[in-house]
Visitor: 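The structure is given below, and queries will be raised subsequently.
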Amino acid sequence: MKIIAYGIRNDEKPFLEEWKQNNPEVEVKVETKLLDSSTVDEAKGFDGVVAYQQKPYTAEILDKLGEFGIKSLSLRNVGVDNVDADAAKRNNITVTNVPAYSPNAIAELAITEIMRLLRNTKRFEDKQRSGDLRWAPEIAEELNKKTVGVLGTGRIGRVLIDICRGFGAKVIGYDPFRNPELDKQGIYVDTPDELFKQSDIISLHAPAVKENEHIVNEHTLSLMKDGSYIINAARGSLVDTDALIKALDSGKLAGAALDTYEDEVGVFNVNFDSFDDISDDRLKNLMKRDNVLVSPHIAFYTKTAVKNMVQLSMDANRDLINTGKSDKIVEL
Ligand code: NAD
Ligand code: COI
């Protein structure tokens with residue numbers, strides 16, 4: 001059996017090597033380039049393809065894979081929105097993803113940022129750089145006195161709920177599909193508006209479907225308590241960035257943490273060499289603020305998550321080739 005793995009980064013290589021050692025019967029070609037029209041021909045002669053990229057998996061690419069007799073495409077990430085579903089279907093290509101490579105990775109980044117905002121760490125670090133080691137006026141707040149509102153109580157939201165409870169916070173949630181266990185515990189409010197009204201901190205953990213676009217907007221922000229916080233480690237499209245900036249300017253929001261951002265593609269995970277060279281002025285406006293924490297979509301970026309992304313996608317591809325089955329098949 002032969003699998004070609006595209007877009008393999010240096011940090012993924014040791015995990016792929018480990019997988020190869022545990023699966024000596026599989027011949028694996030490691031390709032550092034992404035899968036696109038210029039590299040797809042390299043897949044000729046292989047039985048399956050493993051990839052992760054934000055670039056689209058176009059009809060042109062999928063038709064070529066079909067032509068080469070490849071029936072298995074395994075993605076190392078969650079989202080499959082960049083796969084041309086019609087082209088995959090007409091070529092009988094089965095697609096798998098890795099839906100839960102580490103919900104903890106994302107929840108742990110969310111709690112890190114919540115604590116950094118409440119304890120004013122960015123302000124203290126900024127002051128220290130100019131030799132100012134005084135306490136005032138950065139007096140902090142305690143999480144155990146706060147209400148955390150979790151929007152989306154799926155895999156990641158549920159881990160964050162447990163973590164926040166461990167800190168002694170009151171946690172409430174909103175989800176159109178309630179988790180029965182959490183429902184019994186009475187965690188849910190009935191509407192998103194209620195969540196925005198009652199929370200001191202809102203953490204977003206819902207998917208980037210059309211209905212959720214700009215779920216954080218002028219209206220929902222106006223419902224929030226004065227001096228509250230927004231955390232977005234889900235998807236940039238959930239937040240209307242202009243409305244967020246207005247709410248920060250007015251003091252309605254005391255702060256925000258953004259691991260994802262509306263216009264992040266082509267900006268996050270890019271080295272611009274200097275702050276001035278970053279191409280997005282709205283993003284720079286946010287990054288300059290001492291009460292806004294911007295991270296370039298790093299919540300997933302842990303050793304545990306990356307290992308799982310590599311090894312579980314390779315398992316899925318191997319299983320698809322061997323049996324046509326996998327518990328990670330995505331309905332396109
Ligand atoms: P999940 O599918 O397990 O849970 C999502 C939950 O959101 C579901 O329970 C769903 O019913 C709920 N939901 C849908 N619309 C909602 C709405 N309008 N209001 C409230 N809840 C709503 O997904 P997950 O694995 O927990 O992922 C959550 C988010 O995190 C996704 O957007 C995902 O893309 C993102 N994510 C980010 C990173 C990162 O590195 N920052 C990594 C992985 C996932
Ligand atoms: C996801 O898996 O949905 C992520 O957000 C992480 C991805 C950028 C690798």
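Order of appearance sets the numbers: ligands from 1, and atoms from 1 within every ligand.
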Visitor: Taking the six-membered ring of Phe46, is NZ or CZ of Lys2 closer than 6.0 Å to its centre and within 45° of its axis?
Guide: yes
Visitor: Say whether Tyr101 and Asn77, considering side chains only, have a donor N or O and an acceptor N or O under 3.5 Å apart.
Guide: no
Visitor: Check each of Gln311, Glu18, Arg318 against Asn23 using the side chain to side chain donor-acceptor pair (under 3.5 Å) test, and report the only one that passes.
Guide: Arg318
Visitor: Which protein N or O atoms sit under 3.5 Å from any N or O of ligand 1? Give atom names and distances.
Guide:
residue  : atom   : partner : partner atom : Å
ligand 1 : 3 (O)  : Arg155  : N            : 2.9
ligand 1 : 3 (O)  : Arg155  : NH1          : 3.1
ligand 1 : 9 (O)  : Asp175  : OD2          : 2.7
ligand 1 : 11 (O) : Asp175  : OD1          : 2.7
ligand 1 : 15 (N) : Asn212  : ND2          : 3.1
ligand 1 : 18 (N) : Asn212  : OD1          : 2.8
ligand 1 : 21 (N) : Gly152  : N            : 3.4
ligand 1 : 26 (O) : Arg155  : N            : 3.3
ligand 1 : 26 (O) : Ile156  : N            : 2.9
ligand 1 : 32 (O) : Ala206  : O            : 2.9
ligand 1 : 34 (O) : Arg235  : NH1          : 3.3
ligand 1 : 34 (O) : Arg235  : NH2          : 3.3
ligand 1 : 40 (O) : His297  : NE2          : 3.4
ligand 1 : 40 (O) : Phe300  : N            : 3.0
ligand 1 : 41 (N) : Ala233  : O            : 3.1
ligand 1 : 41 (N) : Asp259  : OD2          : 3.0

Visitor: If we count only N and O atoms by modelled type, under 3.5 Å, do the side chains of Arg76 and Gln53 hold a donor and an acceptor together?
Guide: no
Visitor: Do the non-hydrogen side-chain atoms of Met1 and Glu25 ever get within less than 4.5 Å of each other?
Guide: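 A side-chain contact under 4.5 Å is absent here.
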Visitor: Present, as a list of atom pairs with distances to 0.1 Å, all nitrogen or oxygen contacts under 3.5 Å between ligand 2 and the protein.
Guide:
residue  : atom  : partner : partner atom : Å
ligand 2 : 2 (O) : Tyr101  : OH           : 2.5
ligand 2 : 3 (O) : Arg235  : NH2          : 2.5
ligand 2 : 5 (O) : Arg235  : NH1          : 2.9
ligand 2 : 5 (O) : Arg235  : NH2          : 3.2
ligand 2 : 5 (O) : His297  : NE2          : 2.7

Visitor: Can you see whether Gln21 engages Glu17 through a side-chain donor-acceptor pair at a distance of less than 3.5 angstrom?
Guide: no
Visitor: Find out whether Glu31 and Glu42 are in side-chain contact, i.e. whether some heavy atom of one side chain is under 4.5 Å from a heavy atom of the other.
Guide: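 Heavy-atom side-chain distance check passes, below 4.5 Å.
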Visitor: Would you say the side-chain atoms of Lys184 pair up with the backbone N or O of Asn179, donor to acceptor, closer than 3.5 Å?
Guide: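 Absent.
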Visitor: Using side-chain heavy atoms (C-beta onward) and a distance below 4.5 Å, is Glu218 in contact with Lys246?
Guide: yes
